[in-house]
Number of protein chains: 2
Amino acid sequence: MTPNTVHTRALISVPPIPDTLSPVTSQPTPPAVGSRSDKKERTRRAILDAALGLTEDTGLAGLSLRQVAKEVGIVPTAFYRHFDSIDQLGLALVEESFSSLRAMIRDVRQGSPSLGQIVDRSVAVLVEHVRADRAHFGFIAREQSGGSAVVRDAVRRQFELFERELATDLARLPMDHWSSADLQILSNLIVGAMITTSESILHAEARDLTEIRHRARSQLMMMIVGALNWKSRQPD
Amino acid sequence: MTPNTVHTRALISVPPIPDTLSPVTSQPTPPAVGSRSDKKERTRRAILDAALGLTEDTGLAGLSLRQVAKEVGIVPTAFYRHFDSIDQLGLALVEESFSSLRAMIRDVRQGSPSLGQIVDRSVAVLVEHVRADRAHFGFIAREQSGGSAVVRDAVRRQFELFERELATDLARLPMDHWSSADLQILSNLIVGAMITTSESILHAEARDLTEIRHRARSQLMMMIVGALNWKSRQPD
DNA sequence: CCTTTCAGTGAACGTGCGTACACTGAAACT
DNA sequence: AGTTTCAGTGTACGCACGTTCACTGAAAGG
């Protein structure tokens, strides 16, 4: 291990012909476009990815600057060129992770006429997204109750935001007469179930997925049907 | 659990005044009852309590043997007289915490005739127990996705057990015709909501409690009413 | 009374950590 | 062409950690 030291410079100097013309445009290190700020951005990404991977085992609390640096292939102190602290790294990951989550709900929104279809589609999209982006969903699930107060709070604030968004979506169902407070309550319940389901997906074998899908569908159906019936029978 | 035999003799030897006499018989270290194994048990408890307290900030992952030892007032190496590792400490805390949770559901079970009363009583008992035993509930919530794999798995296994218990309880509601699989699904949903509510309670100010209570009641009602209506309309 | 047991001691070790500091060399700017 | 910027380097520091080992002294037990 650690065959590095100076060879990074060697890698850079491999195609040293840049500004003049090169007839064959194929690049052996393909994303070699740009320099300076591009390179910095690439390192930043590498740090985020390394952190996302390393956190899977230990949580953000058990993540050390030196581990990340080694994984990325830089010296520990170079980390500070990109983030002030591990906490700042964590906040960036929170941001990223919730972008992924928002992309998911955008997927659900399009289409979906009947109520039954909304349920089916929601579950399908959830399962698909969680499996396609395990790292980010796992990160959220973990750091929601994780060791860093500032990251934990950030996750919770994002969830509250997400919950409010879902509440306005729910208003488009035949629940027009509901108060926004009650929509919030329902939304809170649904988001909670979504988190639980996500966690199930995350540590499930592939063969368990149909069962999880079935369960999620049933639960979502229960919640919606329950909300409708409960409100209609006890007007407030 | 090795409830040893010898401590009766210790009780007899409580007044150990023999050699020199002191006119004032008051002992400045009053809980001096028992010796050896009693003292060991007391130290063990102190370790568990210290760990429970220290984990509040950092999670079990961020807990060090030396911290605990300092808090308890023993030298680091003495820790090993009581636990093989921090993980073993964690497992003991899992055990303890779920005892607390089971005590809770035992409280719910007694009484509770009508459905509405079950809901009210359940929520009341939940809020009360979580507030009375913040440390244990917080520990469960944290370590459910915590850093130690063995502790995390233990928590999840306990939750599955708890879920199954709740499912058999639910069978006593007018849901006799439900399959046990469907009861499990409902139970899973309810337990998830319970966890979410517990977390809300844990980091809520006292004045928010009535709102949380209201929300929990509404959600539990939605779930039960929803389950009943959904199943009756789509027999499977 | 004499021996055994064992909870707690205290010094010492190797390791990984965050962070400081002075540095280098290529890209960017003037 | 000359200067500035700045991502990444390398050394070195003090600290907290888990674990080892030989120990002590009082309680338990024959």
Between OG on residue A:Ser198 and CG on residue A:Leu202, distance to nearest 0.5 Å: 6.5 Å
Between P of D:dC17 and OH of B:Tyr80, the distance in whole Å: 12 Å
Listed nucleotide nearest any side-chain atom of B:Arg36, set D:dG8, C:dT9, D:dG25: D:dG25
Per A:Ser64 side chain, nearest of listed nucleotides D:dT9, C:dC17, C:dT5: C:dC17
Whether B:Phe79 and B:Phe83 hold their rings parallel, tilted or perpendicular, with breakpoints at 30° and 60°: tilted
Presence of A:Thr43 side-chain N/O under 4.0 Å of D:dA7 phosphate oxygens OP1/OP2: no
Test item: B:Gln158 side-chain N/O and B:Glu95 main-chain N/O as donor-acceptor pair under 3.5 Å: no
Rounded distance in Å - CZ (A:Arg66) to C1' (C:dA20): 12 Å
Short side-chain to backbone donor-acceptor contact, A:Arg142 and A:Phe137, under 3.5 Å: no
B:Lys40 or A:Asp84, whichever maps to the more 5' nucleotide of DNA chain C: B:Lys40
side-chain N/O A:Thr77 vs D:dT9 OP1/OP2, d < 4.0 Å: no
Nearest-Å distance for atom pair CD/P, residues B:Glu41 and C:dC6: 16 Å
Selected nucleotide, minimal atom distance to A:Val75 side chain, candidates D:dG18, D:dA27, D:dG10: D:dG10
Rounded distance in Å - CZ (A:Phe79) to C1' (C:dC17): 14 Å
Per A:Ile74 side chain, nearest of listed nucleotides C:dT19, D:dT9, C:dG8: D:dT9
Value in whole Å for how far the C1' atom of C:dG8 lies from NZ of B:Lys70: 18 Å
Minimum-distance nucleotide to B:His82 side chain [options: C:dT5, C:dG8, D:dT9]: C:dG8
No-H, no-angle donor-acceptor pair, B:Arg81 side chain to C:dG8 base, under 3.5 Å: yes
d(CD1, A:Ile86; C1', C:dG16) in whole Å: 14 Å
Check: A:Gln219 side chain, B:Ile185 main-chain N or O, donor-acceptor pair, under 3.5 Å: yes
Distance in angstrom units between A:Ile47 CD1 and D:dA7 P, rounded: 11 Å
Protein-nucleotide distance (B:Leu60, atom CG; D:dG18, atom P), rounded to Å: 12 Å
